[in-house]
Amino acid sequence: MRDSASASSLSSSATQPETVTPPASLPINVKGLKLSLKGPAGTVDILKNIDLAINAGERVSLIGPSGSGKTSLLMVIAGLEQAHDGKIEICGHNLRQLNEDGLALFRRHHVGIVFQDFHLVPSMSALENVALPMEFAGRTDAFERAREELAAVGLGHRLDHYPGQLSGGEQQRVALARALATDPELLLADEPTGNLDGHTGETIIELLFDLARKKGSTLLLITHDEGLAARCDRSITMRDGVIVSDGEGA
Ligand SMILES: Nc1ncnc2c1ncn2[C@@H]1O[C@H](COP(=O)(O)OP(=O)(O)O)[C@@H](O)[C@H]1O
Ligand SMILES: [Mg+2]
């Protein structure tokens with residue numbers, strides 16, 4: 001970045017305006033995030049004044065007790081839940097200014113999401129699960145691309161299988177292929193190994209780290225596993241809707 005900036009200033013001339021390299025934008029830039037939800041017992045404050053800045057390419061784990069707000073924070077960052085206050089700037093987009101259609105477009109172009117329970121469409125084959133979201137995003141090479149992505153997660157021989165015909169680990173591989181097919185700037189994973197046995201979970205995590213690195217995706221990973229959290233560049237702990245620690249490793 002610095003090299004190209006100095007190269008461009010050296011090569012600038014009177015006829016060519018100098019190009020100024022803008023500061024690298026933060027994929028996640030959140031300030032004063034508040035989320036409240038109405039329940040039967042009245043309004044509950046789920047997220048209370050969250051500040052969070054994550055740099056491009058960082059791998060960040062999010063840990064904390066059940067109910068501390070990890071999934072809620074991930075849903076706000078993904079544009080699947082609207083915050084009630086604060087600045088929510090994700091991959092350069094102010095999510096609080098986007099309507100539902102805008103948020104759907106934002107997700108298609110910038111974010112890949114992996115859930116604990118896979119979230120595959122049961123009536124669609126592995127190939128269709130990966131290809132159709134890309135086709136909705138207007139890509140004409142969606143099926144070709146989906147074949148490549150499924151081969152990259154070791155499922156080149158399972159393209160026509162339905163989720164019900166695949167093991168849990170295989171279903172999560174399909175979900176990973178789907179999440180990463182568009183080379184997203186941001187990969188969000190919510191306990192992606194929570195429904196898998198230890199060994200299968202480990203292979204999924206290896207694949208997830210490997211693909212995120214190859215694609216250059218910034219990673220926010222919710223996990224209960226402290227060993228896994230420690231493998232990330234930075235570990236954030238939540239409790240009762242606030243961030244209680246934010247440091248390198250765990
Ligand atoms: N749709 C909802 N309506 C009301 N309360 C909710 C809803 N979703 C989550 N909560 C509450 O928000 C809090 C945080 O939940 P969650 O983000 O799922 O935590 P975590 O992922 O850390 O377990 C919990 O107290 C939970 O009961
Ligand atoms: Mg959760």
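When a ligand or atom number is given, it counts from 1 through the structure's own listing order. Excluded from the calculations below are hydrogen atoms, water molecules and symmetry mates; all remaining heavy atoms, backbone and side chain alike, are included. We're numbering straight along the sequence, starting at 1.
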Counting only heavy atoms not in His199, do more than 12 sit closer than 6.0 Å to its NE2 atom?
->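 12 or below, so no.
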Give a yes or no on whether [X] and [Y] share a hydrophobic cluster (residues Ile, Leu, Val, Met, Phe, Trp, Tyr; joining criterion: side-chain heavy atoms under 4.5 Å apart).
X	Y	answer
Leu211	Leu186	no
Leu188	Ile243	yes
Leu208	Ile63	no
Ile28	Leu180	no
Leu176	Phe115	no

Contact between Gly64 and ligand 1, counting heavy atoms under 4.0 Å?
->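 Distance cut 4.0 Å: Gly64 fails for ligand 1.
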Please verify whether a non-hydrogen atom of Gly39 lies at under 4.0 Å from ligand 1.
->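 Gly39 does not count as a contact of ligand 1 under the 4.0 Å cut-off.
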Check whether any side-chain heavy atom of Leu228 sits under 4.5 Å from a side-chain heavy atom of Phe209, and report yes or no.
->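 Side-chain contact under 4.5 Å: yes.
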If you have a sec, work out which protein heavy atom is nearest [atom] and how many Å separate them, to one decimal?
atom	value
atom 19 (O) of ligand 1	Gly69 N, 3.1 Å
atom 25 (O) of ligand 1	Gly67 O, 3.8 Å
atom 18 (O) of ligand 1	Thr71 CB, 3.8 Å
atom 22 (O) of ligand 1	Lys70 NZ, 2.8 Å

Answer yes when Asp225 and Arg231 have at least one side-chain N-carboxylate O distance shorter than 4.0 Å, and no when they do not.
->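 Salt bridge between Asp225 and Arg231, a charged N being under 4.0 Å from a carboxylate O: no.
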Can you measure from CG (Leu220) to CZ (Arg234) and round to the nearest 0.5 angstrom?
->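 Reported to 0.5 Å precision, the distance equals 9.5 Å.
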From the Mg ion (ligand 2) out to just under 2.8 Å, does an N/O/S atom of Gln116 turn up?
->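 No N, O or S atom of Gln116 is closer than 2.8 Å to the Mg ion (ligand 2), so no.
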Classify the contact between Ile46 and ligand 1 as side chain, backbone, both or neither, using a heavy-atom distance cut-off of under 4.0 Å.
->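 Just the side chain.
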Ligand-residue contact atoms, ligand 1 with [X], heavy atoms, under 4.0 Å:
X	value
Pro65	22 (O)
Ser66	23 (O)
Ser72	14 (C), 15 (O), 16 (P), 17 (O)

Between Leu73, Leu74, Ile222, Leu37, which one has a non-hydrogen atom sitting closest to atom 8 (N) of ligand 1?
->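 Among Leu73, Leu74, Ile222, Leu37, the closest heavy atom to atom 8 (N) of ligand 1 comes from Leu37.
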Heavy-atom protein neighbour under 4.0 angstrom from atom 27 (O) of ligand 1 |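 Within 4.0 Å: no protein heavy atom nearby.
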